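Below is one structure, written out as C-alpha cells; the observations come after it.
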Amino acid sequence: MLSQKAFMQFPASAVALLVGCLVWCSSGHAADAPFRAGAATANITPPLGEMVVGGWEPVPADEVHDELHVRAIVLDDGDTKLAIAICDNVGIPREVFDVAKAQVEATTGIPVKNQLYAATHTHSATTARGKNSMVKDEELSGYQIFLADRIVDAVRIANKRLEPARIGWGSVEEASELFNRRWYVVEEEQRRNPFGGVDEVRMNPSSSSTLIRPAGPVDPEVSYLALQALDGRPIAILGNYSLHYVGGVPSRVVSADYFAVFAEHLGGLLETETQYPPFVGILSNGTSGDVNNINFRDRSARYAPFEKMALVGQLIARRVHESLGEVQYQDWVKLGAQQSELTLKVRKPDAEMKAYLAGVVQRPEEEKPYHRHEKTYAARTATLSESPDTVDVPLQTLRIGDLGIAAVPFEVFTEIGLEIKDRCPLSDSFTIELAGGSYGYLPSPAQHELGGYETWMGTNRVQLDASEKIVERLMSMFDAIK
Ligand SMILES: [Zn+2]
C-alpha cells in the first residue's frame, strides 16, 4: 500500500489518469460530458376556416377551445443527441416530418435518424394530410409548411435550452379509461361491411346491439420518461398511454383533446407555473388503434362538452404525479437510435370487389344502401387502385439507457403494442404510434380475420401481415442498439 508521502510523490498526471479511468469505467462515459436535457413547445393552431378532420366529413373550424401545440424534448449524452416532438394532430404525413427533420439536422446537427416526431391523434385538429397517404406529395400545403416550421422551432428551442439533467422513467396502470372498441355482437346487420359482406366483429357497436365480448385487449400501462434539472426543477415529462382520443368536442371546434389536459394539469401538480425554462408535459399516443374511451357495457353517464377529456387527462396526470416519488433518477444514460425503411405491399381491390363497388357507385341516392359508408369505400379503394404497388414506411427505435421506444407510422392495435413490450430486449419499453408518418390502421393478421372497420380496405392500406413484418424489424433494430 502506498504511504501518504509516496502518494503525494505519485506523478500528478498518473493520478489524473487513474481518476479519469475510474470515472470512465464506473459510468461508461467521459467525465467531461454531463447528461443534458431541454424542452420547449410551439403553437400550431391554424387560422379558422382550415378543415377539421377526424369525423367522416371534414368541416371548417369556427372556434378554438384550446390551442394546438408541438411539444418537444432534446436529450444529449455527450456523444449522441435525440429529439422527440409530439404534435396535436390526427395524423401527419411523412413528407411533413421529413421536411422538419432535414431542417433540424441543418440547424442543430441532430441527425435525421435521431429525431422521432409523431401526432397525438386528436380528432379535433385541422388537417395536415395530403391527397393520398400512399404517395408522397411533392408540394406541401400552407398549413403543412407552417407545421413543419413549428416542429423545427420547438426542437431548436429545446436544443438551445439543454442543461445538465437527471433522467428517470416509470409506469403506472390505469385501466378505467380503456375499452377495446371491437366487439362480437349477436346481430348480423350490425356487422355488415361496405363490400357487401358480413364481418365477425363490429367497431363501436350501437346501443341497440347485443354485446357478446370484446375482440381484443387493452394495455393499462401509462409509461413515462421524466427529466429534471440538477436542482430538482422539472424539465419535462413524456407520457405514453394507449387510448385513441376522448372527444366530446362540438363540431367545427379545435381542441388538442385529453393529451393537452394531461400536459397542463401535470405542470400544475408539479407547481411549475412560474419557472423558467417552462416545464413541458407531453402525452404521446401508445398503441390505441382499437381502444377508445366508450364504456360499451354502461353508457348511462352524460358529460358536458369537453368535460370527459378534462377528467381523463387530469386522472392520467394525477396517476403519473403520484408515482414520481418512485422514479430512480440517473445522472447519465447512453442514448442510441436506429431507423429503417420497410417495404410493404399496398392493398388493392380485386376484380370481384371492383365490380361490386361499381354497382354501389351507380346505386341511386334514394335507394337504401347495404352499408351506410359504402360509397366512401368505393372512393377509398379506387384511390388504392391508382396507388403504387408498394410503399416504404419508416420505422424507428430509440434507446434511452435501458428504456426502448419504438416508433410506428400507423394506428397500431393494442395487442401489437403488448407484443412489442413483451419481446423488446431492453428492460422497459413503449411504442409511439403515428410516428414518422401516417399510413392508416395496423391490425394484426388475426384481427384481419375478424373484419371490422379498421381492417376494411381503405382504412387499412397495406398487406395483411404487415404487423408481423414490422414487429420483426423493430426487434432486430432494438438488438442493434441494446
Ligand atoms: Zn382515430
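This is a predicted model, so every value here is computed, not measured.
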T127 versus E50, side-chain donor and acceptor atoms under 3.5 Å: no
Stepwise salt bridge (charged side-chain N to carboxylate O under 4.0 Å, His left out) test for E105 and K101: CA-CA 6 Å; E105 181 169 306; K101 287 174 183 177; over 6 Å; no
Distance flag, aromatic centroids of Y377 and W456, threshold under 6.0 Å: yes
Exercise: identify the closest heavy-atom pair between L335 and D77: N-OD2, 3.0 Å
Partners meeting salt bridge (charged side-chain N to carboxylate O under 4.0 Å, His left out) with R202 (sequence neighbours left out): none
Listed partners of E63 passing salt bridge (charged side-chain N to carboxylate O under 4.0 Å, His left out), at least two apart: none
D465: partners by side-chain hydrogen bond (donor to acceptor under 3.5 Å, both in side chains), with sequence neighbours left out: Q463
Sequence neighbours excluded - salt bridge (Lys or Arg N to Asp or Glu O under 4.0 Å) pairs with any residue from residues 64-75: R71-E264
Pairs satisfying side chain to side chain donor-acceptor pair (under 3.5 Å), at least one member in residues 396-410, at least two apart: none
Any residue meeting ring-ring contact (aromatic ring centres under 6.0 Å, His included) with F410, in chain and number order, not counting sequence neighbours: Y439
With F179 via ring-ring contact (aromatic ring centres under 6.0 Å, His included) - residues at least two apart: none
With sequence neighbours excluded, residues passing ring-ring contact (aromatic ring centres under 6.0 Å, His included) with H69: none
Pairwise salt bridge (Lys or Arg N to Asp or Glu O under 4.0 Å) hits with a residue in residues 137-154, at least two apart: K131-D137, R150-D153
Partner residues of R461 under the salt bridge (charged side-chain N to carboxylate O under 4.0 Å, His left out) criterion, sequence neighbours left out: none
F306: partners by ring-ring contact (aromatic ring centres under 6.0 Å, His included), with sequence neighbours left out: H65
Set of salt bridge (charged side-chain N to carboxylate O under 4.0 Å, His left out) partners for E57, sequence neighbours left out: none
Ring centers of Y441, Y453 separated by less than 6.0 Å: yes
